[in-house]
Amino acid sequence: MNLPKTYQPDQYEPNIYAMWETSGAFKPSGKGEPYSIVMPPPNANGNLHIGHALMAELEDILIRFYRMKGRDVAYIPGADHAGFETWVVYERELQKNLQTRFDFSREQLYSQVWNFVERQRGNMELQLRALGVSASWDDLVFTLDEKVIKTAYATFKKLWDEDLIYRGERIVNYCTTHQTSFADIEVEYKAEKGKLYEIAYPTLDKIAEIVVATTRPETLLGDTAVAVHPDDGRYKHLIGSHVLLPLTDREIPVIADEYVDREFGTGAVKITPAHDPNDFEIGNRHDLPRIQVIDFDGRMINVPQQFAGIAAPEARKRVLGALQAAELLRGESDIEHNVGHCYKCGNIIEPMLKDQWFLRMQPLAQAATEAIERGDIKFYPENKKTQVLQYYAGIRDWNLSRQIPWGIPIPAFQNTADPDDWIYDERVDEPHITVNGQTYRREEDTFDTWFSSGQWPFITTDHLDGGALSRFYPLSVMETGHDILYPWVARMIMLGLKVTGQVPFKEVYLHGLVLDSRGQKMSKSKGNVINPMETLSEYGSDALRLGLVSARSAGQNQAFATDKVIAGRNFCNKLWNIARFIEDKLGENFHPGTPVPSSLADQWIIRELTGASQQVEALLADYRFSEAADTVYHTIWSSLADWYVEAAKQQNNPDMLAWALDAALRLAHPFAPFVTETIWQTLPWYEKGSMLIASSWPEPVAYDEIAAGEFEQLQKLVNEIRFVSAELPGNKRYKVVYHNDSLIDDNKELIRQLARLEGLETTDQPEGLRLANSGREAWLVVDEATLYEHQSNLEVRLAEAKSHRDVVGARLSNDSYLKKAPAELVEASKKDLSETNEIIIRLQNELNVIRGR
RNA sequence: GGGUGAUUAGCUCAUUUGGCUAGAGCGCUUCAUUGACGUUGAAGAGGUGGCAGGUUCGAAUCCUGCAUCGCCCACCA
């Protein structure tokens, strides 16, 4: 076959992938029970990061496995327009050209970004191919595809008609840099050190004052009340009176509200309904006016001349200065509080009053909660279920509006003559439309991207239209990162139930974050980001996959270690060399017949490989990827390579050898698709065009349990010989003699080779060191001096055996144990005890012999 | 403040209804070897399972408390 000594992934991977793709192996077969996964769409114009690699590998393992199990498999890839992310990148481009979004219409911007994305697009998809994902590329969906928009509109209309959509002036999280609002869960809160200022608001007669505490003095200019607790004796007499708002000529009322915490600050709170969500609610309760003092560009508005047009942080300083000058500043103290930040630029999120589209979440969350409690969706790990339910329990209405041109326009129009008259209409390309003689102006905002991606499972499968892939809805499993449990998974469940009446998927598997080797979060600023493509090109795609999957469990953030990738690469090479050896032994024109086990080793390897295939199946059904990969790794390395291939050198059963290689390749294929397929393509007994990807999962083969067990005994004997001779001085080859032992007799040559013995002979007069652990009648021939030196070894082993006997003996003399423990366990203990006793006797005899000399 | 996860070998992690002597990979030590593979083979060292109690015949696993580290949610101005 002339395979090179080491496996060179880059020489085979691209061709193998192209072969798979052109053969149509990635497409649903149309045969068997449907199995479906929809890939969480990576950013269309970005590069994959290590988390994407993990995602793709986990999904592809499942996909390849179930394809081999004969299921009708759909793995639907996607590409995300990544509304906000992409917009941020594009806006930077605009800045370079000294332009802003306000220089263009929405249509112009949209088509510019479209072209921008188009230029960049494709990298991500090539990278997924390099990872070996067997996705059905023809079915790829881009998040701005016509059908996505169509479905998003239909859903919006449905929700609108059911009165679940409303437009309202609310406090939204607003980034003045990006000039868009965010959903609550998109805001990043950080604990920060700040100052709590105490400011005096004089009473109208200027005789008294009320001191409020605030961290945001600049919003004072928008205050419309001061609130105190209704039972607060300090302020009770002031409730209902008015105070002077400093730096202005406004008079504002002192109101009583239970919300106020008497213990905090001064017990008096300034109320700014336009710039604080709690104040907004208090304002509603007390019918207070709302005065916006920070504009959407972050500059002061509706304020006295001296502050107008000034950016908020600077305004804070000036307000403080002015207060100081007016002698109204009563004190300041350090405080640590949480401040919301834009997750993209890190600037402080301003709570702003804005007219936005909201979705009432209560009814949707209710239905989702019921479905989950009914057990319609299984979560891996299980505790994520509790978290989702909790999220639903405390859910607030969803702000769907984004002020970003790169997205799906909200299909709503406002009557130019009546601002309260909004209608649903899909003619979003027209700035104005006429309906019933009235002119309507379109909404310029777009949808939060999660609104459309929340519908991903039924969009991608064309479920609502009963399209070709609709049999794949609901999905078999939703695999994604645990960080988007709320923004994505929870919403898919709600929208899926609402729109299709079914849960969108039956199971959810959430993987954790991939951390760096020291358990730190990867980030550009720390410089610890690992580029999966670099690792891939250095060690190979399969190695990356094995390395990523190993030592990783559901929902857990876990470190990435190149060590594991190297171990993966070594495994691929091991597999490669097993194949090299076997193919060389079988010859170029070999065509195997039905495997017929003839030796103990044959029986044993059937048991090992068959057992492994069943184990992997059970583990994958439970999403225990790491353990499944581990099983494959050890079966192939420790069983197949270390024992069976070695044993095969002493026997001649080519059909069995071919079967073992074949089974190992199938077993390893979901975990190391490229190397296994590469080897498969070199097997002389398959016709051209036959592919491992399209072959079946190994079927169990019958074997003789007793023979397999006997092989294990031989292994024990070999191990003992190795162990004892390694301990002996001189490190030379020894001879073993045995007495009346047909098992040894029948496998002389095998034992001699495996244990690297000088000789193995039968004898009537045993001599030397008894191999007591094996339970066979065998002795290692050594001279008396060596025997004597070995005495201490024997003594140690005797002591160990005795203490083990004591432990087991104590257990067995315990009445409760005998009564309460399962019978088989008690049996095992009894057997253990008698075996240990035998060993003790032998060791003792052995020692007596030595001592007697 | 509420929730949630972690704490096991030098490192990264397993150990799934509580039951063999708590296992892997990497690292470490010793040794081997010229045709499957040095990306190898053999052997070995290394663990009071965070701490303190409790339940049980039996606990890394269940319960209680404590400690440390993470993450998520909430947002007291």
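Just so it is clear: chains get the letters A, B, ... in the order the sequence lines come, proteins before strands, and each one is counted from 1. Fair warning: this is a prediction, and the values are worked out from it, not measured in the lab. Every heavy atom of this structure was used, including side-chain atoms; hydrogens, water molecules and symmetry mates were not.
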* Under a 4.0 Å N-O cut-off, is there an ion pair linking A:Arg285 with A:Glu258? -> no
Sticking with atom [atom1], work out how far [N] lies from [M], rounded to a whole angstrom.
| N | M | atom1 | result |
| --- | --- | --- | --- |
| B:G41 | B:A36 | P | 13 Å |
| B:G65 | B:U4 | P | 13 Å |
| B:A6 | B:U16 | P | 13 Å |
| B:C57 | B:G18 | P | 16 Å |
| B:U48 | B:A9 | C1' | 14 Å |
| B:U7 | B:G50 | P | 8 Å |
| B:C11 | B:G47 | P | 13 Å |
| B:G58 | B:G19 | P | 14 Å |

Ignoring the backbone of [X], work out which of [options] is nearest its side chain.
| X | options | value |
| --- | --- | --- |
| A:Asp642 | B:G41, B:A36, B:G19 | B:G41 |
| A:Leu825 | B:C37, B:G19, B:C72 | B:G19 |
| A:Lys649 | B:A36, B:C72, B:U39 | B:A36 |
| A:Ala559 | B:U12, B:C57, B:A77 | B:U12 |
| A:Ala641 | B:U56, B:A36, B:A14 | B:A36 |
| A:Ala551 | B:C37, B:C13, B:A77 | B:C13 |
| A:Gln558 | B:C57, B:C13, B:A36 | B:C13 |
| A:Asn338 | B:C57, B:C75, B:A36 | B:C75 |

Looking at every strand, decide which applies to [X] at a 4.0 Å heavy-atom threshold: base, sugar-phosphate, or nothing.
| X | answer |
| --- | --- |
| A:Arg811 | sugar-phosphate |
| A:Lys5 | sugar-phosphate |
| A:Phe264 | base |
| A:Arg722 | sugar-phosphate |
| A:Asn719 | sugar-phosphate |
| A:Asp261 | base |
| A:Tyr189 | base |
| A:Thr215 | sugar-phosphate |
| A:Arg262 | nothing |
| A:Pro822 | base |
| A:Ser553 | sugar-phosphate |

* To do: State whether the number of non-hydrogen atoms from other residues, nucleotides or ligands found under 6.0 Å of A:Lys378 atom NZ is greater than 12.
  => no
* Asked: Does A:Gln11 CD have over 12 foreign heavy atoms under 6.0 Å away?
  -> yes
What is the base-pairing partner of [N], counting Watson-Crick and G-U wobble geometry with both distances under 3.5 Å?
| N | value |
| --- | --- |
| B:G47 | none |
| B:A6 | B:U68 |
| B:C62 | B:G54 |

* Asked: Looking only at side chains, do A:Asn577 and A:Arg580 share a donor and an acceptor under 3.5 Å apart?
  -> yes
* Asked: Any luck finding a side-chain donor-acceptor pair between A:Glu281 and A:Tyr259 under 3.5 Å?
  -> no
Tabulated below should be each protein N or O lying under 3.5 Å from an N or O of nucleotides 25-30 of chain B; please produce it.
| from | atom 1 | to | atom 2 | distance (Å) |
| --- | --- | --- | --- | --- |
| B:C26 | O2' | A:Asp563 | OD2 | 2.7 |

* In whole Å, what is the span from the CD1 atom of A:Ile566 to the C1' atom of B:U39? -> 9 Å
* Asked: Mapping A:Val645 and A:Thr266 to their closest nucleotides on RNA chain B, which lands nearer the 5' end?
  -> A:Val645
* Could you say whether A:Glu263 or A:Phe581 is positioned toward the 5' end of RNA chain B, judged by the nucleotide with the nearest heavy atom to each? => A:Phe581
* Structure fact -> Interatomic distance, CG@A:Leu513 vs CD@A:Gln558, rounded to 0.5 Å, equals 10.5 Å
* Asked: For the residue pair A:Tyr633 and A:Phe671, is the inter-centroid distance of their aromatic rings smaller than 6.0 Å?
  -> no
* **Short side-chain to backbone donor-acceptor contact, A:His275 and A:Pro351, under 3.5 Å** => yes
* **Heavy-atom protein contacts under 4.0 Å, nucleotides 3-9 of chain B, coded B base, S sugar-phosphate only, - none** => SSSS---
* **A:Lys649: partners by salt bridge (charged side-chain N to carboxylate O under 4.0 Å, His left out), with sequence neighbours left out** => A:Glu646
